[in-house]
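Below is one structure, written out as structure tokens, with a few remarks after it.
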2 protein chains.
Amino acid sequence: MPRGRPRVLLDGPIDKWLDQFLPHLSVDCVVFGFHGGDLKLLVVKWPGLDVWTLPGGYVGLEQSLEEAAHQVLRFRTGLRHVHLRQFQAFGRLGRKEAFGRKLFLTRYSDVDPDLWVFKRVVSIGYYALVDFQKARPTTDPWSDSCAWYPVDAHPPLAYDHDGIVGCAREALRAALDVPGAGASLLPERFTMPELQRVHEAILGRPLDRRNFQKRMLDRGGVERLAERRRGGAHRAPFLYRFTVSPDGVGF
Amino acid sequence: MPRGRPRVLLDGPIDKWLDQFLPHLSVDCVVFGFHGGDLKLLVVKWPGLDVWTLPGGYVGLEQSLEEAAHQVLRFRTGLRHVHLRQFQAFGRLGRKEAFGRKLFLTRYSDVDPDLWVFKRVVSIGYYALVDFQKARPTTDPWSDSCAWYPVDAHPPLAYDHDGIVGCAREALRAALDVPGAGASLLPERFTMPELQRVHEAILGRPLDRRNFQKRMLDRGGVERLAERRRGGAHRAPFLYRFTVSPDGVGF
DNA sequence: CCAAAAGTGTTGCAATTACACCCATGC
DNA sequence: GCATGGGTGTAATTGCAACACTTTTGG
């Protein structure tokens with residue numbers, strides 16, 4: 001499977017390329033975006049086999065898990081400073097890596113089936129919240145496409161990645177009550193209804209407009225700007241800005 | 001570092017022994033007990049160096065992470081069905097494994113410093129809640145001792161294990177509001193005051209006796225038995241039993 | 001009989017929920 | 001001017017925290 005920095009993908013034989021990573025380990029990223037009123041998920045399609053997966057990557061020998069996840073995000077979305085949170089490690093057996101070999105065979109004729117990528121891989125799951133507008137889904141030479149899908153209607157994913165997505169959504173829901181939650185899914189300046197749509201999409205249920213606004217302002221972490229959003233068909237809503245980082249700490 | 005099944009520890013050379021595990025990976029277990037009114041932590045002392053760590057182990061090539069953690073628990077406490085929960089993976093650089101080499105040198109004169117155990121190891125953190133009475137802390141031939149310490153006054157741990165303990169306590173606190181929480185720290189039958197002490201120890205603050213009892217009964221998951229605890233100096237309290245598993249699911 | 005711990009009920013506050021009214025904008 | 005969405009306030013409810021009284025047991 002093609003993961004990690006693209007620039008080294010094509011240099012030399014595969015086994016040498018794999019030597020730069022911690023064997024049997026990977027990070028998988030559940031990348032959430034928000035657009036058109038619902039949550040989007042970034043998925044990667046691999047050529048030939050009609051197989052989709054989460055974007056992921058291997059971990060360099062001298063690279064922290066977090067750095068590895070950031071690298072995946074930077075590579076797949078072009079974004080550098082992304083809200084990223086580890087939520088679970090997935091290490092049960094039967095995380096079939098068999099299709100990976102087929103994938104390699106589409107590029108290389110003779111691949112050693114004993115390489116660790118075809119055996120068991122333990123994966124550390126991260127979820128990421130990105131600004132849909134700024135993200136530039138990037139397809140590499142290995143993959144057919146890298147694109148957003150509605151999180152409730154994405155193509156079935158290989159391995160146990162569907163389960164990983166469910167797990168990530170749960171973790172995301174649980175993290176929703178800290179000040180600044182959902183910030184990273186929106187542009188820097190946003191309106192209160194927009195923030196509400198984000199919360200509704202994550203929780204999966206409608207929220208009361210007025211109570212929502214009150215709670216957000218009482219909780220702190222948001223700052224109302226003088227400006228309003230122009231151009232809408234109705235009363236112009238205020239713009240807001242977050243005053244805390246996505247992790248709940250002040251800037 | 002001596003981890004994993006004891007029976008294979010002494011068979012053959014170390015590098016062969018290590019071949020049965022996923023390289024660069026381990027599980028570390030934060031084992032909580034409850035005794036004499038406060039939380040205890042199970043720690044292991046390694047010989048010669050005045051070094052303590054959490055009980056941990058490596059992950060077999062055909063073993064799930066959870067199985068590996070269960071194996072550590074079974075080995076260190078003799079308990080088979082333990083409430084175990086993964087809470088975080090620790091993979092940042094600088095998790096110095098240097099002392100491990102010294103440890104091996106106390107047993108073997110010539111150890112290859114290129115073995116993966118001396119390089120970087122990513123560790124999956126599990127916390128466990130065990131019945132203090134039933135647990136039998138077990139020292140193996142490699143370690144000086146395996147013993148309970150008050151969680152607020154345990155010897156400083158090597159690596160980043162002190163940080164791991166803090167992380168585990170936080171996860172434990174967050175998991176305290178599900179029905180059946182704290183069950184696994186007590187014997188099968190327990191009194192309400194006992195359960196309250198557990199919650200107080202985890203939260204680190206006193207709780208109101210009456211509100212506590214009400215909440216526990218309203219929430220469900222506990223069942224009052226006919227019997228009472230005899231022999232106390234005062235009014236005999238009722239005995240209770242949990243009707244849900246530690247994970248919040250009914251039996 | 002007294003001290004100390006356990007069982008049960010009631011009150012009051014505070015946070016959340018439900019709901020009503022006014023304002024702005026485009027067609 | 002009217003439909004639609006946005007901003008603000010208030011009443012109702014509920015969940016939780018504070019607190020009082022009774023019961024049991026050993027000494």
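Keep in mind it's a predicted model, so treat the numbers as computed, not measured.
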*Over how many whole Å does the gap from B/Gln196 atom CD to D/dA17 atom P extend?*
13 Å

*Under 4.0 Å between a Lys/Arg side-chain N and an Asp/Glu carboxylate O for A/Glu200 and A/Arg197?*
yes

*What is the nucleic acid contact for B/Ala233, judged by heavy atoms within less than 4.0 Å: base, sugar-phosphate only, or nothing?*
base

_Donor-acceptor pair (no angle test) under 3.5 Å: B/His234 side chain, C/dA5 base_ = no

*Heavy atoms under 4.0 Å, any strand shown: does A/Arg209 hit a base, just sugar-phosphate, or nothing?*
base

*Options D/dA17, D/dT25, D/dG7, nucleotide nearest the side-chain atoms of B/Arg230*: D/dT25

*Check whether the side chain of B/Arg235 and the base of C/dA6 form a donor-acceptor pair under 3.5 Å.*
yes

_Suppose we call a contact any N or O donor and acceptor under 3.5 Å apart; does that hold for the side chain of B/Arg228 and the base of C/dA6?_
no

*When you check the gap from the basic side-chain N to the acidic O, do B/Asp177 and B/Arg215 get nearer than 4.0 Å?*
no

_Regarding A/Arg224, tell me which of base, sugar-phosphate or nothing describes its non-hydrogen contacts under 4.0 Å with the strands shown._
sugar-phosphate

*Closest-nucleotide ordering on DNA chain C, the 5'-leading residue of A/Arg205 and B/Arg210*: B/Arg210

*For A/Met216 and D/dT8, what is the distance between atoms CE and C1' respectively, to the nearest whole Å?*
17 Å

_Rounded distance in Å - CG (B/Asp208) to P (D/dG15)_ = 19 Å

*Is there a side-chain contact between A/Leu54 and A/Leu157 (heavy atoms, below 4.5 Å)?*
yes

*Choosing from C/dT25, C/dG9, C/dC19, which nucleotide comes nearest the side chain of A/Ala236?*
C/dT25

*asked:* Below the 4.0 Å mark, does D/dT8 have OP1 or OP2 next to a side-chain nitrogen or oxygen of A/Gln213?
replied: yes

*Which whole-number value in Å describes the distance from A/Glu200 CD to D/dG5 C1'?*
14 Å

_Whether the side chain of B/Glu170 engages the backbone of B/Cys167 through a donor-acceptor N/O pair (distance < 3.5 Å, no angle test) should be reported._
no

